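Heads up: the structure comes next, in structure tokens.
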Amino acid sequence: MNGHPNEELSAYADGELSPEATRRVEAHLQHCTECAREVAIIRSIGGSMQKDHSSVHPRSTWEAVHRRLTKPVGWVLIAAGVLVWVALAVVAWFRQAVTVEWLAGTAVAIGLLLLFINIAHEQYREWKESPYKHIER
Amino acid sequence: VDTAREKELLSRCRAGRTEAYEPLVRFHQDHAFRIATALLGDADEAADAVQDAFVAAYRSLGKLSEGSPFGPWFRTILRNDCRDRLRSPRRRSGPVTEEALRTLGENRGASELAEQNELAGIIHSGLAALSVGHREILVMKELEGLNYAEIAAATGIPAGTVASRLHHARMALKKALLDRGLTMEEVI
């Protein structure tokens with residue numbers, strides 16, 4: 001082999017070379033201490049990264065994930081809807097315009113509006129957190 | 001979490017049982033955090049990325065085919081999240097701080113921690129010196145244990161290019177480690 005097999009050294013250390021290329025690199029390594037040391041470095045770099053135990057994950061991950069997954073958006077919307085409905089009913093009562101039909105009509109209208117907001121919010125959240133949003137189809 | 005247990009947990013998660021997600025999060029979180037820290041070079045940001053990836057993965061479980069393993073799919077989501085963060089113009093940058101590492105490893109002995117912090121700091125700072133593409137390939141190989149064909153499939157680049165970039169990434173990291181005061185013997 002002429003010269004050093006440079007790029008093949010990584011593939012050799014990873015066991016990704018063909019049997020023929022492996023034999024060729026091994027023959028070179030037997031008489032080239034420089035390349036043999038390079039292979040040792042390549043292997044130790046992986047070992048050092050794997051042994052990096054300082055990267056211990058904070059213990060509160062599950063709690064934070066769980067909180068986000070169970071965020072009570074629905075209850076907040078329902079509470080807001082009821083408040084709006086009661087406020088409208090009070091105003092209408094002072095104007096002496098309250099009827100059963102009016103109360104039912106506004107409740108249905110507010111309910112549909114909240115449903116639309118909730119769906120739009122879910123769609124937006126899904127889009128915002130989608131890891132594939134930058135990938136063109 | 002073995003395959004059968006994972007399948008059962010995923011099935012319960014798909015049925016909306018949030019609590020079934022907990023064993024999966026706890027099983028994958030340390031590995032995920034190590035990957036995110038290596039890619040982002042910032043422990044706080046890595047914690048945010050891991051959290052975001054777990055939430056996004058849960059909400060996208062419908063896209064994971066029945067019987068497919070959760071780990072590799074989740075790590076793809078995590079890498080994409082990290083890549084987005086690295087591209088973000090609002091991103092705060094900087095290496096992992098001593099303070100962050102101390103907080104994260106508070107259950108260890110002081111001398112062991114100091115030694116690991118020093119090595120971790122050098123490794124993270126060396127990784128930060130690489131380009132995002134090189135760093136990502138190195139992380140996929142060394143921390144995720146993917147082979148060249150799997151890296152090629154995940155990144156969309158030919159296997160030959162993966163081999164070449166991986167070698168250059170390792171040589172660049174070696175140089176960065178030597179530049180930061182490690183001797184050749186310490187690297188080995």
Side-chain angles (χ1 to χ4, degrees), chain A residues 4-18 21 33-71 122-136, chain B residues 18-19 21-22 25-26 29-30 32-34 37-38 43 46-47 50-56 58-60 76-81 84 96 101 103-105 107-108 113 116-117 119-121 123-124 127 138-139 141-143 147-148 159 163-164 166-168 170-171 173-174 177 184 187-188:
Chain A
H4 302 290
N6 296 323
E7 290 191 7
E8 279 187 319
L9 294 178
S10 269
Y12 169 75
D14 293 329
E16 294 268 359
L17 285 182
S18 66
T33 50
E34 195 182 329
C35 285
R37 192 163 71 158
E38 208 71 357
V39 169
I41 289 172
I42 287 165
R43 287 183 172 143
S44 70
I45 282 175
S48 301
M49 285 176 71
Q50 285 156 21
K51 278 189 290 188
D52 173 16
H53 295 303
S54 68
S55 298
V56 174
H57 198 273
R59 295 187 189 104
S60 57
T61 304
W62 165 246
E63 286 71 24
V65 169
H66 186 250
R67 215 169 22 247
R68 285 176 60 181
L69 291 177
T70 55
K71 211 160 38 179
E122 283 303 315
Q123 292 291 319
Y124 171 70
R125 198 167 62 175
E126 197 172 312
W127 171 81
K128 196 179 164 198
E129 289 175 353
S130 169
Y132 307 108
K133 66 186 174 191
H134 297 305
I135 297 173
E136 289 180 11
Chain B
T18 322
E19 72 280 2
Y21 200 40
E22 182 175 359
V25 170
R26 294 201 187 279
Q29 64 180 16
D30 284 349
F33 184 66
R34 204 166 294 171
T37 309
V50 169
Q51 211 184 93
D52 285 355
F54 275 125
V55 171
Y58 184 86
R59 292 191 176 134
S60 309
T76 302
I77 292 175
L78 176 64
R79 280 198 309 276
N80 288 340
D81 186 287
D84 283 350
V96 179
L101 289 172
T103 309
L104 295 170
N107 56 337
R108 295 210 185 81
L113 182 63
Q116 286 179 348
N117 279 357
L119 178 63
I123 290 173
H124 288 303
L127 284 169
L138 198 55
V139 165
K141 176 65 201 158
E142 304 295 7
L143 295 184
N147 62 35
Y148 289 9
S164 166
L166 185 57
H167 184 72
H168 283 107
R170 281 166 167 160
M171 292 305 104
L173 182 58
K174 179 188 92 174
L177 296 180
M184 197 66 89
V187 172
I188 296 171

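Treat the numbers as computed from the prediction; the structure is a model and nothing was measured. Side chains are part of it too, since the values below use all heavy atoms of this structure and drop only hydrogens, waters and symmetry mates. Chain A is the first sequence line, chain B the second, and so forth, proteins listed ahead of strands; every chain is numbered from 1.
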In Å and rounded to the nearest 0.5 Å, what is the CD1 to NZ distance from Ile41(A) to Lys174(B)?
4.5 Å
Could you walk me through whether Ile42(A) and Met171(B) pass the side chain to side chain contact (heavy atoms under 4.5 Å, CB included) check?
CA-CA 8 Å; Ile42(A) 287 165; Met171(B) 292 305 104; 3.8 Å; yes
CG on Leu143(B) to CE on Met49(A), rounded to 0.5 Å
4.0 Å
Stepwise side chain to side chain contact (heavy atoms under 4.5 Å, CB included) check, Tyr21(B) with Trp62(A):
CA-CA 9 Å; Tyr21(B) 200 40; Trp62(A) 165 246; 3.9 Å; yes
Supply the atom-to-atom distance Asp14(A) CG to His167(B) NE2, rounded to the nearest 0.5 angstrom.
11.0 Å
For residues Arg68(A) and Gln51(B), determine if any side-chain heavy atom of one lies less than 4.5 Å from a side-chain heavy atom of the other.
yes
For the CD1 atom of Ile45(A) and the CG atom of Leu173(B), what is their distance to the nearest 0.5 Å?
4.5 Å
Non-hydrogen atoms of chain A under 4.5 Å away: do they reach the side chain of Tyr58(B), the backbone, both or neither?
side chain
Does any part of the side chain of Glu19(B), heavy atoms only, come nearer than 4.5 Å to the side chain of His66(A), both counted from C-beta?
no
Identify which part of Glu16(A) has an atom lying under 4.5 Å from any heavy atom of chain B, answering side chain, backbone, both or neither.
side chain
